[in-house]
Amino acid sequence: MFCLCYSRRMAKRRTATKPSISIVGPGNLGSALALELFCAGYPIHAIVRRATSKITRLKALAGRVKANLIVMGERPLDSDIVWLTVPDDAIAKVAAQLAASQSWKGKTVFHSSGALSSEELAPLWEKGASVASVHPLMTFVAGKKASWRGVAFAVEGDDEAVRIASRIAIELGGSPFDIDRRSKVLYHAFGSFASPLVIALMSAMEQVAEAAGIPPEKAKEMMQPLLAETLNNYLRTDAASAFSGPLVRGDVQTVRKHLAHLERAPEARDVYLALARVAIQRLPAKNKEALEKELVDDQKPGKVRVRARVRRC
């Protein structure tokens with residue numbers, strides 16, 4: 001295998017001085033992490049799977065990173081670092097299973113939940129492991145290679161584990177930062193607004209396009225320049241400077257018409273209302289009082305019956 005980030009020669013040179021790592025739970029994140037760590041010269045000791053996992057893809061992954069492919073619990077994990085990339089709901093259970101399986105003194109254990117703290121790894125900490133939560137603020141989807149360059153890594157836990165995690169994040173091209181464990185849930189919600197909920201918004205947009213008679217593939221083509229320019233404007237300036245449209249102009253009649261016709265796309269209509277309320281509260285807009293009254297009145301029972309008549313038309 002050839003890694004774009006390192007040549008084989010340089011990777012081998014670095015391997016001798018870097019801790020070995022086992023990845024527990026090779027889903028989208030775990031697989032991407034194993035490949036990136038290997039390219040950065042970290043020896044991958046094991047890819048740890050469930051007994052029920054489909055192994056064709058995992059065999060290929062293990063081969064690419066020269067790792068053992070093992071079922072969880074079938075043998076001790078002899079690596080210096082064990083990195084859990086299992087779903088959030090499974091972290092505590094997996095930590096407890098691992099804690100009972102072998103000695104953990106001198107080892108470091110990470111998990112990569114954005115919302116949960118290192119306290120989920122308490123059973124391993126009690127057995128002598130140094131623990132931390134290490135969350136890369138990036139989206140990982142099947143079949144797509146994400147860039148790690150500039151990715152923020154939220155890190156918290158034991159001092160030693162945080163030090164090791166921060167060094168790894170930097171070597172992957174990322175930017176580690178300390179986060180208070182009490183802030184992790186809101187931090188993760190912040191990330192949700194930046195990626196998965198943006199995609200949900202795109203899905204709502206497609207629903208409106210379909211109601212307008214625009215095919216999905218055409219809608220994407222039409223929206224690409226608008227979406228790109230909107231995001232670029234925001235990244236170059238700020239939300240207020242990038243905001244445009246009928247709310248900025250205070251076009252109450254246009255907003256009223258939007259809401260009436262969006263009865264044909266009810267989920268998207270709910271999104272429109274929610275985002276319009278945020279815009280009126282936080283962004284520049286003319287006729288704020290009239291717009292706010294329109295959005296509030298829209299929720300009154302009498303107004304709902306009016307909308308129903310519009311839909312039958």
Check whether any side-chain heavy atom of [X] lies under 4.5 Å from a side-chain heavy atom of [Y], and answer yes or no.
X: Y272; Y: V208; value: no
X: L116; Y: K184; value: no
X: L33; Y: F110; value: no

Point to revise | Atom pair NZ (K66) and CG (N68), whose distance is rounded to the nearest 0.5 Å | key: 12.5 Å
Study note, to complete from the structure: Given the options L29, T85, V48, I23 meets side chain to side chain contact (heavy atoms under 4.5 Å, CB included) only with T85
Is a side-chain donor or acceptor of [X] paired with a backbone partner of [Y] at a separation under 3.5 angstrom?
X: S203; Y: I199; result: no
X: D180; Y: R182; result: yes
X: K107; Y: S79; result: yes
X: R181; Y: G157; result: no
X: W148; Y: M138; result: no
X: Q102; Y: P76; result: no

Quick one: list whatever passes side chain to side chain donor-acceptor pair (under 3.5 Å) with [X], sequence neighbours left out.
X: R75; value: none
X: S117; value: none
X: N233; value: R236

Review point. Between K220 and E217, is there a side-chain N and carboxylate O pair less than 4.0 Å apart?
Key: no
Practice item. Tell me, please, which residues at least two apart from S195 pass side chain to side chain contact (heavy atoms under 4.5 Å, CB included). Key: T139
**Study point:** Qualifying residues under side chain to side chain contact (heavy atoms under 4.5 Å, CB included), relative to T254, sequence neighbours excluded
**Key:** P246, D251, H258
Could you tabulate the donor-acceptor pairs under 3.5 Å formed by side-chain atoms of residues 120-132, not counting sequence neighbours?
{"unit_1": "K127", "atom_1": "NZ", "unit_2": "A99", "atom_2": "O", "d": "3.0"}
{"unit_1": "S130", "atom_1": "OG", "unit_2": "A161", "atom_2": "N", "d": "3.1"}

Exercise for review: Check the pair R49 / V71 against side chain to side chain contact (heavy atoms under 4.5 Å, CB included), numbers first and verdict last.
Suggested key: CA-CA 5 Å; R49 66 180 182 89; V71 173; 3.5 Å; yes
